Amino acid sequence: MLLESVRALTGHAEVVVTVPAEGPLCDRLRDAGAEVVVLDVPVLRKAFLSPAGLIRLAALLATRMPAMVAFLRRRRPDVLYVNTLTLPWWAAAGRLAGLARVVCHVHEAEDQLPPPMRRALSLPTRLAHLTIANSASCHARIVADGAPRARTATVHNAVAPPASTPLARAPRGALVMVGRLSPRKGSDVAVRAAAPPGPARS
């Protein structure tokens, strides 16, 4: 969705994407017309959810936040678009830099995370001028975690269809799933929904 957003925006504005490390997506972002800047910013991970981890995270942020704020003040974007909750510090940096518009786009609806991580993840939604949720369930989750309802909207993901019909076809009646197998992805729900109805139970 980040790549789709960049493709939509580059025709109308100068787009600068910051990433915590160089990776496979960077070349695709550049091909889409964005400038990619690597800034070493800590990513919120479960490894930080311990006393020692929180101290390490605080120390990292103390050294990284001034650079983030300085970067934003130097570039002065009209809009800071925060595309993930795993980098919640960017919304805070945008506010500290005095930006006029901070937008947070939420793709996660995390019900099973420990409360400390959920509170940290909700930080951008409380600091943003506008928060976009990608589904009704995501909207409900982030509002329950503290996102201001009046500044939160739901916009479903829009992805362009493939240019041509895929050559590979599934056997008749088969279910094809593409994605990571994880309980939080709900693959079991899709399998049960697609299963043929069983005998009626009394």
Side-chain angles (χ1 to χ4, degrees), residues 1-3 5 16-29 34-75 77 80-99 102-135 137-149 151-152 179-188:
M1 285 311 303
L2 171 62
L3 186 59
S5 299
V16 179
V17 180
T18 68
V19 294
E22 189 75 28
L25 185 60
C26 292
D27 286 339
R28 298 184 68 184
L29 291 168
E35 176 187 351
V36 178
V37 177
V38 178
L39 292 176
D40 186 11
V41 175
V43 178
L44 187 61
R45 303 185 189 282
K46 291 182 181 179
F48 287 125
L49 294 182
S50 67
L54 290 173
I55 292 172
R56 189 168 70 255
L57 176 60
L60 285 171
L61 288 175
T63 59
R64 304 293 196 272
M65 185 63 75
M68 296 164 66
V69 174
F71 172 79
L72 293 174
R73 285 177 175 166
R74 186 168 62 251
R75 302 302 294 255
L80 173 62
Y81 170 70
V82 183
N83 185 63
T84 175
L85 289 183
T86 59
L87 291 166
W89 348 109
W90 274 113
R95 286 293 197 162
L96 290 171
L99 300 186
V102 177
V103 176
C104 180
H105 197 167
V106 183
H107 311 273
E108 305 91 347
E110 303 290 356
D111 294 316
Q112 300 176 353
L113 290 178
M117 179 170 274
R118 280 176 41 195
R119 283 194 292 271
L121 285 174
S122 69
L123 173 66
T125 67
R126 296 197 298 272
L127 294 176
H129 298 95
L130 171 66
T131 297
I132 301 170
N134 70 344
S135 68
S137 63
C138 181
H139 185 284
R141 177 71 270 161
I142 62 176
V143 168
D145 286 341
R149 186 182 297 273
R151 301 202 308 267
T152 304
R180 179 165 59 89
L181 291 178
S182 170
R184 65 188 295 271
K185 294 293 186 180
S187 303
D188 58 320

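No experiment lies behind these values; they were computed from the predicted model shown.
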TODO: Determine, step by step, whether Leu25 and Val36 satisfy the side-chain contact (heavy atoms from CB on, under 4.5 Å) criterion, reporting the C-alpha distance in whole Å, the side-chain angles of both residues, the deciding distance to 0.1 Å, and the verdict.
DONE: CA-CA 10 Å; Leu25 185 60; Val36 178; over 6 Å; no
TODO: Quick one: list whatever passes side-chain contact (heavy atoms from CB on, under 4.5 Å) with Ser135, sequence neighbours left out.
DONE: Ser137, Cys138
Task: Pairs satisfying side-chain hydrogen bond (donor to acceptor under 3.5 Å, both in side chains), at least one member in residues 60-74, at least two apart - done: Asp40-Arg64
Open item on the list: Strictly by salt bridge (charged side-chain N to carboxylate O under 4.0 Å, His left out), give each pair with a member in residues 83-99 just once, sequence neighbours left out.
Closed with: none
Task: Residues in side-chain contact (heavy atoms from CB on, under 4.5 Å) contact with Val16, at least two apart in sequence or another chain - done: Glu14, Glu35, Val37, Phe71, Arg75
Task: Gap separating the CH2 atom of Trp89 from the CG atom of Leu60, nearest 0.5 angstrom - done: 9.5 Å
Task: OG1-CG distance between Thr18 and Leu80, expressed to the nearest 0.5 angstrom - done: 8.0 Å
Open item on the list: Which heavy atom of Val17 sits nearest to which heavy atom of Ala34, and what is that distance?
Closed with: CG2-CB, 3.9 Å
Open item on the list: Under the rule for side-chain hydrogen bond (donor to acceptor under 3.5 Å, both in side chains), what residues qualify as partners of Asn83, not counting sequence neighbours?
Closed with: Tyr81, His107
TODO: Taking all heavy atoms of Ala91 and all of Pro124, pick out the closest pair and write down the distance.
DONE: CB-CA, 3.6 Å
Open item on the list: More than 12 heavy atoms of other residues, nucleotides or ligands under 6.0 Å from CZ of Arg126: yes or no?
Closed with: yes
Open item on the list: Testing the basics here: between Arg151 and Ala128, what is the closest heavy-atom pair and its distance to 0.1 Å?
Closed with: NE-O, 3.0 Å
Task: Gap between atom CG of Asn134 and atom NE2 of His139 - 0.5 Å precision - done: 11.5 Å
Open item on the list: I need the minimum non-hydrogen distance between Leu85 and Cys104, along with the two atoms involved.
Closed with: CD2-SG, 3.8 Å
- [ ] Taking the side chain as every heavy atom from C-beta outward, state whether Ile132 and Val103 have any atom pair closer than 4.5 Å.
- [x] yes
TODO: Specify the closest pair of heavy atoms between Cys26 and Val19, including all atoms of both residues, with the distance to one decimal.
DONE: SG-CG2, 3.9 Å
Open item on the list: Testing the basics here: between Pro66 and Ala62, what is the closest heavy-atom pair and its distance to 0.1 Å?
Closed with: CD-O, 3.3 Å
Open item on the list: Once side-chain contact (heavy atoms from CB on, under 4.5 Å) is applied, do any residues pair with Pro20, and if so which ones, sequence neighbours excluded?
Closed with: Val43, Leu87
- [ ] Could you tell me the separation between the CG atom of Leu72 and the CG atom of Leu96, rounded to the nearest 0.5 Å?
- [x] 9.5 Å
Task: Gap between atom CD1 of Ile142 and atom OG1 of Thr131 - 0.5 Å precision - done: 5.5 Å
Open item on the list: Nearest 0.5 Å, please: how far is CG in Leu123 from OG1 in Thr125?
Closed with: 7.5 Å
